[in-house]
Amino acid sequence: MSDWQQRDKNYIANTYARFPVEIISGKGSVVTDTAGKEYIDLGSGIGVTALGIADEGWQQAVIQQLGLVQHTSNLYYTDPCARLAETLCARTGMKKVFFSNSGAEANECAIKVARKYAAQKKGADCYTIITLENSFHGRTLTTLAATGQAHFHALFQPLTPGFVHVPANDCAALEQAMQTYNPAAILLECVQGEGGVIPLDADFVQTAARLAAQQDCLLMIDEVQTGNGRTAKLYAYMHYGIQPDVVTTAKGLGGGLPIGATLLSEKVQDVLTPGDHGSTYGGNPVCCAGALHVLESLDDTLLDEVQKKSDYILSSLESAAGVQSITGKGLMLGILPERPVAEVLARCLERGVLCLSAKQKVRLLPALNIPMDTLRIAIDRLKDALA
Ligand SMILES: *Cc1c(COP(=O)(O)O)cnc(C)c1O
């Protein structure tokens, strides 16, 4: 074991199964390890470095803000924070934004909004939140409760009460749960990411929207992974012709700096009042300046490119040796391999490609601006690893 592996093992809490690679630098979609070996990055730090490593515009925006002020707290106004919120609202039709630092926190805020909205409007016993089986909403105790995967729950009881999980794409089960629980909200990912890159059926999402509207139950979409251009729309709900009451996002929004955002529609824009919620770092001007650059880069040209690259990956791998199936949307794709997924990822590493897994699938979340020639090389290597 190398020095760096040993030091990490000695001092870092034992929660991660890391790949045996120490990354020291990168540029675009290529990262370099301590031995000088280069890898094409098809994971972008779990969908975070949406514009790749050290994108020039992003870096400039961040450095410029660092030269002005790196943090103020929410006791004061800052320009990047307000501008980012304005841009998010302009591009989604939402009305207000609460900023935090991660996906889990963005969902925590959404859950608090749902609880308060329902308690005030429908009474104290209307607090249940319906989520889906096989979902993932975060690691805090409340977002773990929201996460519909029992194996995450086992050792951390009691979790926050008031969450019910229904099977994805089962309209009848959803309708039944809506009647049984009179819920405060439905929370769902349009493409289940950690659950195995599984897009929801349009019919199911539209049914959820309709049922929610009928009962004044909030429709809350977790866009932590699917958001910010990942699926070739700015937000994945935009594929489904629905207008959510609450949207949460994080990961790719910051382009590599920690930020979470909870977007509130007109109906719930004034639910939170002073003292209800807060975050010391939330809306940090450096993170917001970087995020603003990410959002401004996500124009129709880039989104079209995301779709083209997605089509390229699908057509290259669909009938490739060792591939059983491919699911997903845009540059959020899950490949079910014939080999065990861990073996494929190890073979990718040998061949100089970084990929992710999700359940039994190889998950690809490359930078949205990965150059086509780099992507071609990476997909050739991946093909070889899968075969
Ligand atoms: C990653 C993820 C989260 C949690 O985000 P963190 O930033 O790790 O807290 C929540 N929801 C979804 C859909 C995710 O993919």
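Numbering of ligands and ligand atoms starts at 1, following listing order.
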Aromatic ring pairing H277/F98, orientation class (parallel under 30°, perpendicular over 60°, tilted between): tilted
Taking the side chain from E38 and the backbone from V30, do they hold a donor-acceptor pair closer than 3.5 Å? no
Write out each pair where an N or O from ligand 1 and one from the protein are under 3.5 Å apart, with the distance.
residue: ligand 1; atom: 7 (O); partner: G103; partner atom: N; Å: 2.8
residue: ligand 1; atom: 9 (O); partner: G103; partner atom: N; Å: 3.4
residue: ligand 1; atom: 9 (O); partner: A104; partner atom: N; Å: 2.8
residue: ligand 1; atom: 11 (N); partner: F136; partner atom: O; Å: 3.3
residue: ligand 1; atom: 11 (N); partner: D222; partner atom: OD1; Å: 3.4
residue: ligand 1; atom: 11 (N); partner: D222; partner atom: OD2; Å: 2.8
residue: ligand 1; atom: 15 (O); partner: Q225; partner atom: NE2; Å: 2.8
residue: ligand 1; atom: 15 (O); partner: K251; partner atom: NZ; Å: 2.7

When you compare the side chain of P80 with that of R83, does any pair of heavy atoms fall below 4.5 Å? no
May I ask you to say whether K309 pairs ionically with E305, meaning some side-chain N is under 4.0 Å from a carboxylate O? yes
R339 side chain to A387 backbone, donor-acceptor under 3.5 Å: yes
Could D216 and K122 be called an ion pair, given the rule that one side-chain N must be under 4.0 Å from one carboxylate O? no
